[in-house]
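One structure is given below, encoded as structure tokens.
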Amino acid sequence: KPRIDFAPKKYTMIIFDRAGRKLFESSNPGEGWDGRFHGGDYVDEGVYVYYIQYTDYTGLFRTLTGNVTVLYP
């Protein structure tokens, strides 16, 4: 889950696979993705895309995107 030091007014985080399928979505900034596909089986090792939109306490709207790599021991 992303680390934030404020309570956003609005918040959405979505995780996608390389094919563009939505694997996870949450509007709770305290909830993170555990690496499972819709709470079922764990995803394969690989690179996944996160997309976060939020409105901060001043009313500023922001969009963040990036990659997260899943590796298993």
Side-chain angles (χ1 to χ4, degrees):
K1 70 180 178 180
R3 294 183 184 190
I4 54 177
D5 60 355
F6 63 92
K9 291 182 178 180
K10 292 184 180 181
Y11 173 89
T12 301
M13 178 174 71
I14 305 171
I15 306 292
F16 296 97
D17 66 8
R18 293 177 67 145
R21 289 185 304 167
K22 187 188 308 181
L23 305 177
F24 174 81
E25 182 172 5
S26 177
S27 59
N28 178 356
E31 181 181 18
W33 180 51
D34 65 359
R36 296 176 189 259
F37 179 69
H38 291 292
D41 294 334
Y42 285 103
V43 298
D44 293 333
E45 288 187 341
V47 178
Y48 297 85
V49 176
Y50 67 82
Y51 176 80
I52 299 172
Q53 285 188 326
Y54 69 91
T55 302
D56 69 12
Y57 58 92
T58 67
L60 181 64
F61 177 79
R62 293 196 154 209
T63 299
L64 304 170
T65 60
N67 300 317
V68 60
T69 302
V70 174
L71 298 173
Y72 299 110

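Because the structure is predicted, anything quoted here is derived from the model rather than measured.
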Check: Can you hop from Val70 to Ile14 via hydrophobic side chains spaced under 4.5 Å?
Finding: no
Check: Quick one: ring-ring contact (aromatic ring centres under 6.0 Å, His included) partners of Phe6, sequence neighbours excluded?
Finding: Tyr54, Tyr57
Margin query: If the condition is side-chain hydrogen bond (donor to acceptor under 3.5 Å, both in side chains), which residues does Thr65 pass it with, not counting sequence neighbours?
Written below: none
Notebook entry, point to check: What's the shortest heavy-atom distance between Pro2 and Met13, and which atoms?
Noted result: CD-SD, 3.7 Å
Item checked: Set of side-chain hydrogen bond (donor to acceptor under 3.5 Å, both in side chains) partners for Thr69, sequence neighbours left out -> none
Check: Are Tyr72 and Val47 co-members of a hydrophobic cluster defined by side-chain heavy atoms under 4.5 Å apart?
Finding: no
Notebook entry, point to check: Which residues satisfy the salt bridge (Lys or Arg N to Asp or Glu O under 4.0 Å) test with Lys22, sequence neighbours excluded?
Noted result: Glu25
Next item on the list: Please list all pairs passing the salt bridge (Lys or Arg N to Asp or Glu O under 4.0 Å) test where one or both residues lie in residues 3-17, with sequence neighbours left out.
Entry: Asp17-Arg21
Next item on the list: Could you tell me which residues satisfy side chain to side chain contact (heavy atoms under 4.5 Å, CB included) with Ser26, sequence neighbours excluded, listed by chain and number?
Entry: Phe24, Asn28, Glu31
Notebook entry, point to check: Partners of Arg62 by side-chain hydrogen bond (donor to acceptor under 3.5 Å, both in side chains), sequence neighbours excluded?
Noted result: none
Next item on the list: Applying side chain to side chain contact (heavy atoms under 4.5 Å, CB included), name anything that partners Val68, two or more places apart in sequence or on another chain.
Entry: Trp33, Tyr48
Item checked: Residue pairs, two or more places apart or on separate chains, that pass side-chain hydrogen bond (donor to acceptor under 3.5 Å, both in side chains) and touch residues 37-47 -> Arg36-Tyr42
Notebook entry, point to check: Of all residues at least two apart in sequence or in a different chain, which pass the ring-ring contact (aromatic ring centres under 6.0 Å, His included) check with Tyr11?
Noted result: none
Margin query: Quick check: closest heavy atoms across Ile15 and Tyr50, and the distance to 0.1 Å?
Written below: CD1-CB, 3.7 Å
